[in-house]
Amino acid sequence: MTAVRQRKTGLSRGLWAASAVLCAGLLLSGCGDAGRFQTATLQPSSPAKPPRPAQPNPAAEREHERILSSYGGAYDDPKLEALITKTVERLVAASDRPDLSYKVTILNSGAVNAFALPTGQLYVTRGLIALASDTSELSSVLSHEMAHVLAKHASIREDQARQAAIVTRVVTDMGNDPDLTALALAKTKLTMASFSRAQEFEADGIGVGISARAQFDPYGAARFLTAMERNAALKASRAAADPRSQDFLSSHPATPERVQNAQANARQYSSPDGGERDRESYLATIDGMVYGEDPSEGFVRGRRFLHPKLGFTFTAPEAFTLDNTAQAVIGVREGGNQAMRFDVVRVASEQTLADYLNSGWMENVEKASTEEMTINGLPAAAATAHGDQWQFRVYALRFGSDVYRFIFAAKQKTTESERNARETVGSFRRLTLEEIQAARPLRIKIITAQPGDTVESLSHRMSGVDKPVERFRVLNGLDAHAEVKVRDRVKIVVD
């Protein structure tokens, strides 16, 4: 939750990222603080000729800071950085432009994502690194992103985005013909979507070629596309919210056609199992890597959210699934008829919480419903608001110098929805010293399968993950019928 990570961060207008149900009736504003994150970049060099240094680019630097703030900052792991440096050096040397310089940042996020800026800055999350099963799969992602830079796709996307913004602005100024407006915007979006699909196929082809020439198994791309699709499907089963909002698949769709295309590209270079996978070295490198959310920045365990650094916790209602997004902690009830949002906002110390709730940041607040109270020794206030289709119950709590906000949305105001809101806010409390000290991150652990071990027995050794059997299979690239073999090295998640 970046809003909590950044302590004083508010909301941008309309930022209800995890579920459309939370959009109704809200107009929000705020600011961020990206400066507290440190940049960790890797600059591989080419043995052929010195790489051309990247030119300073204020726009790229701003985008870099925005990316860091959205993905939890940079992840510091010397072993992993060394592996990526070595991998990128091989890929650069095998590319058509060994003179280009790339900077790679590992992002401290459990999301599965990777992307590139036109300047050659590449980003890969530790969530993606955890999902990959060997260096060839990771190389397929890195070479794919390098291909976007080589083919100038990133620059073209920026131009497309600028053109779309111009079209939107012009159409908005054209008058009151809704059909014309819709047609113009639809054409713009269709053009961008089609072009993006073509870019992905082109980048796949270039990337597979780079990996193959660097002596990596070119089939790693097809394997990893399949792994990402399975991971997204597993995540999608947890909640009604869009499961790919922060993931690689949202901008890199892994359609069956694309997987088949990646396999066809690979067959041009080698037979299956013909290239280097470097599995043992890869698994040794990621052994002990943080998995999922970083507890120092707040994390979800089941229905509970804990923030050891800021020292508080709360528990969501029964049947709710919590998701710690970049903007807030979002909860959605099974069936999608109730939802909640938790974040931190700026409120002047001299302003009362009741005055804040009625200050206009949210529309249709019933001022007569506003009440002040104390929750677990903390000053608080609550109010009711309504939209066309949703009813809202809003709470603000002052905890130290910060004000935290709970917003509950329900299709219909019921005894259950009222109780859910009341009990969730009532569970907000300080963490004890023992709880703070015990809040350890989940980590990847590499173990060797012993005689008698099965997928089921090994998955039961996992901690802090939902659907451990399915998660174990996805993490280890095992399909629904595959079994582990004695002496196989496999990934499990432990605390």
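Just so you know, residue 1 is the first one in the sequence shown, and it goes up from there. No hydrogens, no waters, no symmetry mates; every other heavy atom, side chains included, goes into these values.
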Quiz item: Roughly how far apart are Leu225 CG and Gln263 CD, rounded to 0.5 Å?
Solution: 9.5 Å

Quiz item: Between the main-chain N or O of Thr125 and the side-chain N or O of Ser109, is there a donor-acceptor pair closer than 3.5 Å?
Solution: no

Quiz item: Can you tell me if CZ on Arg461 sees more than 12 non-hydrogen neighbours from other groups inside 6.0 Å?
Solution: no

Quiz item: Is a donor on one side and an acceptor on the other found under 3.5 Å between the side chain of Asp134 and the backbone of Asp278?
Solution: no

Practice problem: Take Ser136 and Arg223 through the test side chain to side chain donor-acceptor pair (under 3.5 Å) and record every step on the way to the result. | Solution: CA-CA 10 Å; Ser136 73; Arg223 290 198 309 275; 2.9 Å; yes

Practice problem: Hey, could you give me the CD/CH2 distance between Gln338 and Trp390, rounded to the nearest 0.5 Å? | Solution: 8.5 Å

Quiz item: Would a 4.5 Å heavy-atom cut-off, applied to side chains only, mark Leu142 and Tyr102 as touching?
Solution: no

Quiz item: Are the side chain of Glu293 and the backbone N or O of Val300 linked by a donor-acceptor pair below 3.5 Å?
Solution: yes

Practice problem: Please test Arg97 against Asp99 for salt bridge (Lys or Arg N to Asp or Glu O under 4.0 Å), starting from the C-alpha separation and ending with a verdict. | Solution: CA-CA 5 Å; Arg97 292 292 306 276; Asp99 58 310; 2.9 Å; yes

Quiz item: Does Glu318 CD have over 12 foreign heavy atoms under 6.0 Å away?
Solution: no

Quiz prompt | Side-chain heavy-atom pair Asp76, Glu81 within 4.5 angstrom cut-off | solution = yes

Exercise. Answer whether the closest heavy-atom distance between the side chains of Val332 and Thr321 falls below 4.5 Å.
Key: no

Exercise. Grab the two heavy atoms, one from Ala203 and one from His144, that are nearest each other, plus how far apart they are.
Key: CB-CE1, 3.6 Å

Exercise. Have a look at Leu128 and tell me which of Leu107, Asn113, Asn231, Leu138 forms a side-chain contact (heavy atoms from CB on, under 4.5 Å) with it.
Key: Leu138

Quiz item: So, do His64 and Tyr123 sit near enough that their side-chain heavy atoms are less than 4.5 Å apart?
Solution: yes

Quiz item: Looking at Ser459 and Val469, what are the two nearest heavy atoms and their distance?
Solution: OG-CG2, 3.2 Å

Practice problem: Give a yes or no on whether the backbone of Ile446 and the side-chain of Asp287 come within a donor-acceptor separation of less than 3.5 Å. | Solution: yes

Quiz item: Are any side-chain N or O atoms of Arg473 and backbone N or O atoms of Asp479, one a donor and one an acceptor, separated by less than 3.5 Å?
Solution: yes

Quiz item: In Å, rounded to the nearest 0.5 Å, how long is the span from CD1 of Ile129 to CD1 of Ile84?
Solution: 4.0 Å

Quiz item: Given the rule in the salt bridge (Lys or Arg N to Asp or Glu O under 4.0 Å) test, do Glu63 and Arg66 qualify, once you have shown the distances and angles that lead to the verdict?
Solution: CA-CA 5 Å; Glu63 183 67 5; Arg66 186 193 67 79; 2.6 Å; yes

Self-check item: Side-chain heavy-atom pair Asp77, Val290 within 4.5 angstrom cut-off
Solution: no

Quiz prompt | Gap separating the CG atom of Asn265 from the OH atom of Tyr219, nearest 0.5 angstrom | solution = 10.0 Å

Quiz item: Do side-chain atoms of Ser463 reach the backbone of Val494 as a donor and acceptor pair under 3.5 angstrom?
Solution: no

Quiz item: Looking at Thr87 and Ser139, what are the two nearest heavy atoms and their distance?
Solution: CG2-CB, 3.9 Å

Self-check item: Intermediate values then yes/no, side-chain contact (heavy atoms from CB on, under 4.5 Å), Val490 and Val484
Solution: CA-CA 8 Å; Val490 295; Val484 294; 4.2 Å; yes

Quiz item: Short question: side chain of Arg230, backbone of Glu470 - any donor-acceptor pair under 3.5 Å?
Solution: no

Self-check item: Distance, nearest 0.5 Å, that separates CZ of Phe216 from CZ of Arg90
Solution: 3.5 Å

Practice problem: Run the numbers on Asp217 and Glu276 for side-chain contact (heavy atoms from CB on, under 4.5 Å), then give the verdict. | Solution: CA-CA 5 Å; Asp217 177 15; Glu276 179 184 336; 5.9 Å; no

Quiz prompt | Ring centroid separation Phe408 to Phe320 under 6.0 Å | solution = no

Exercise. State, to 0.1 Å, how close Ile106 and Arg126 come at their nearest heavy-atom pair, and which atoms those are.
Key: CG2-N, 4.4 Å

Self-check item: Working for side-chain contact (heavy atoms from CB on, under 4.5 Å), residues Leu91 and Ser211
Solution: CA-CA 6 Å; Leu91 295 172; Ser211 287; 4.0 Å; yes

Practice problem: Using modelled atom types only, decide if a donor and an acceptor are shared between the side chain of Gln121 and the backbone of Leu117 within a distance under 3.5 Å. | Solution: no

Quiz prompt | Non-hydrogen side-chain atoms of Phe299 and Asp294 separated by less than 4.5 Å | solution = no

Exercise. Examine distances only and state if a side-chain atom of Ser457 and a backbone atom of Asp453 form a donor-acceptor pair shorter than 3.5 Å.
Key: no

Self-check item: Shortest non-hydrogen contact from Leu322 toward Gly331
Solution: CD2-CA, 3.8 Å

Quiz item: Less than 4.5 Å apart, any side-chain heavy atom of Leu68 and any of Glu65?
Solution: yes

Quiz prompt | Nearest heavy atoms of Ile492 and Met462, plus distance in Å | solution = CA-SD, 3.5 Å

Self-check item: Derivation of the salt bridge (Lys or Arg N to Asp or Glu O under 4.0 Å) call for Glu229 and Arg258
Solution: CA-CA 11 Å; Glu229 186 66 26; Arg258 189 173 168 209; over 6 Å; no

Self-check item: Rounded distance (nearest 0.5 Å) linking atom OH of Tyr71 with atom OG1 of Thr105
Solution: 13.0 Å

Quiz item: Does a sphere of radius 6.0 Å around CD in Gln412 hold more than 12 heavy atoms from other residues, nucleotides or ligands, not counting ones at 6.0 Å or beyond?
Solution: no

Self-check item: Check: Asn324 side chain, Gly298 main-chain N or O, donor-acceptor pair, under 3.5 Å
Solution: yes

Self-check item: Audit row: Ile444, Val493, side-chain contact (heavy atoms from CB on, under 4.5 Å) steps and yes/no
Solution: CA-CA 5 Å; Ile444 293 288; Val493 179; 4.3 Å; yes

Self-check item: Heavy-atom side-chain contact between His148 and Phe115 under 4.5 Å
Solution: no

